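In what follows, a structure is listed as structure tokens, so that the remarks can point back to it.
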Amino acid sequence: GVVNTTVAIGCSLTPDYAFLAPLTALMWRDAIGFKPLILLVGSGDEWHEGSANIVREALRRHEIEFRVIGRIEGYQDATVAQNVRHHVASIIDDDGWIMLSDADLWPIRRDFYHRHENFNGRAVCLYSNGDHFFGKKDVLAKFDAGSGFQSIPTCHVTMRAKDWREIYNIIPGDVLGSTKQTLETM
């Protein structure tokens, strides 16, 4: 059957990233076949001004779903943009897959990004350049040497919404509130 995959991308008003968001979303939708969801950090007024308005209008014209989600006081917009995508499970159906990505990270090979479709596990990590661990033996050796854990970038981590909700203790229907709750417990 058809796999429902949403690509969650957070975006601040920083022009270097905001400008690319519509192009990135089109690549996810048209080249890869996933549904992009762009989470715009900042106020609605700001996203109607200057170059930000061009970004918002491009998303609208190309029928790419986006939401202006506001800010979290005490956190940089870039931090919020990086974290809101982890919390879109608050608005996605249980069995829908959510893949995280960046506004400036373009997908190229369709078949590469569809690996989760017949996967029975809970998470798929397609981008694992974190601490440059190479295989189980290397991970265990670094752990034994005191590294403690491996950090993995969350771009292209894919899980079902129900699993994202379990990991983050997400507030139903509240992307920004869920993000704030997580940031305050870190």
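Keep in mind the model is a prediction, meaning the values are calculated, not measured.
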Note, [X] side chain near [Y] side chain (heavy atom, < 4.5 Å):
X: Y113; Y: V124; answer: no
X: R160; Y: R122; answer: no
X: R67; Y: I91; answer: yes
X: L183; Y: I72; answer: yes
X: I38; Y: L40; answer: yes

Handout entry: Cluster companions of W106 among Ile, Leu, Val, Met, Phe, Trp, Tyr (side-chain spacing under 4.5 Å)
Key =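 Besides W106, the hydrophobic cluster comprises F19, L20, L23, M27, listed by chain and residue number.
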
Practice task
List for me each residue that meets ring-ring contact (aromatic ring centres under 6.0 Å, His included) alongside Y75, sequence neighbours excluded, and say none if there are none.
Solution key: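 ring-ring contact (aromatic ring centres under 6.0 Å, His included) check on Y75 returns nothing, list empty.
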
Practice task
Apply ring-ring contact (aromatic ring centres under 6.0 Å, His included) to H62 and list each qualifying residue two or more places apart in sequence or on a separate chain.
Solution key: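 Partners of H62 under the ring-ring contact (aromatic ring centres under 6.0 Å, His included) test: none.
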
Exercise for the section: Any side chain to side chain donor-acceptor pair (under 3.5 Å) involving residues 25-35? Give me the pairs, sequence neighbours left out, ordered by first then second residue. Expected result: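 Checked against side chain to side chain donor-acceptor pair (under 3.5 Å) - neighbours excluded - the pairs reaching residues 25-35 are K35-E65.
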
Which heavy atom of [X] sits nearest to which heavy atom of [Y], and what is that distance?
X: I64; Y: P36; answer: CG2-CG, 4.0 Å
X: R115; Y: F119; answer: O-CB, 4.2 Å
X: V157; Y: C125; answer: CG2-SG, 4.1 Å

Problem - Flag, side chain of N83 to backbone of T79, donor-acceptor distance under 3.5 Å - result: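 Checked: pair present.
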
Partners meeting salt bridge (charged side-chain N to carboxylate O under 4.0 Å, His left out) with [X] (sequence neighbours left out):
X: E184; answer: K180
X: R71; answer: E46, D77
X: E57; answer: R60, R61
X: D45; answer: none

Do any side-chain atoms of residues 168-177 form donor-acceptor pairs under 3.5 angstrom with protein atoms, and if so which ones, sequence neighbours left out?
residue: Y168; atom: OH; partner: H86; partner atom: ND1; Å: 2.6
residue: D174; atom: OD1; partner: G177; partner atom: N; Å: 2.7

What is the distance from atom [atom1] of [X] to atom [atom2] of [Y], rounded to the nearest 0.5 Å?
X: T6; Y: W97; atom1: OG1; atom2: CH2; result: 12.5 Å
X: W47; Y: I69; atom1: CH2; atom2: CD1; result: 10.5 Å
X: H87; Y: T179; atom1: NE2; atom2: OG1; result: 4.5 Å

Going by atom type alone, with no hydrogens or angles, which donor-acceptor pairs under 3.5 Å involve a side-chain atom of residues 98-105 and a protein atom two or more places apart or on another chain?
residue: S101; atom: OG; partner: H156; partner atom: NE2; Å: 3.4
residue: D102; atom: OD1; partner: R85; partner atom: NH1; Å: 2.6

Only pairs under 3.5 Å count here: list side-chain donor-acceptor contacts from residues 8-17, not counting sequence neighbours, and write none if there are none.
residue: S12; atom: OG; partner: T14; partner atom: N; Å: 3.3
residue: S12; atom: OG; partner: T14; partner atom: OG1; Å: 3.0

Handout entry: N53 atom CG, over 12 foreign heavy atoms within 6.0 Å
Key =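 Counting other residues, nucleotides and ligands, CG of N53 exceeds 12 neighbours.
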
Handout entry: side chain to side chain contact (heavy atoms under 4.5 Å, CB included) against H114, all qualifying residues, sequence neighbours excluded
Key =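 Partners of H114 by the side chain to side chain contact (heavy atoms under 4.5 Å, CB included) criterion, ordered by chain and then number, come out as I32, F34, R110, E117.
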
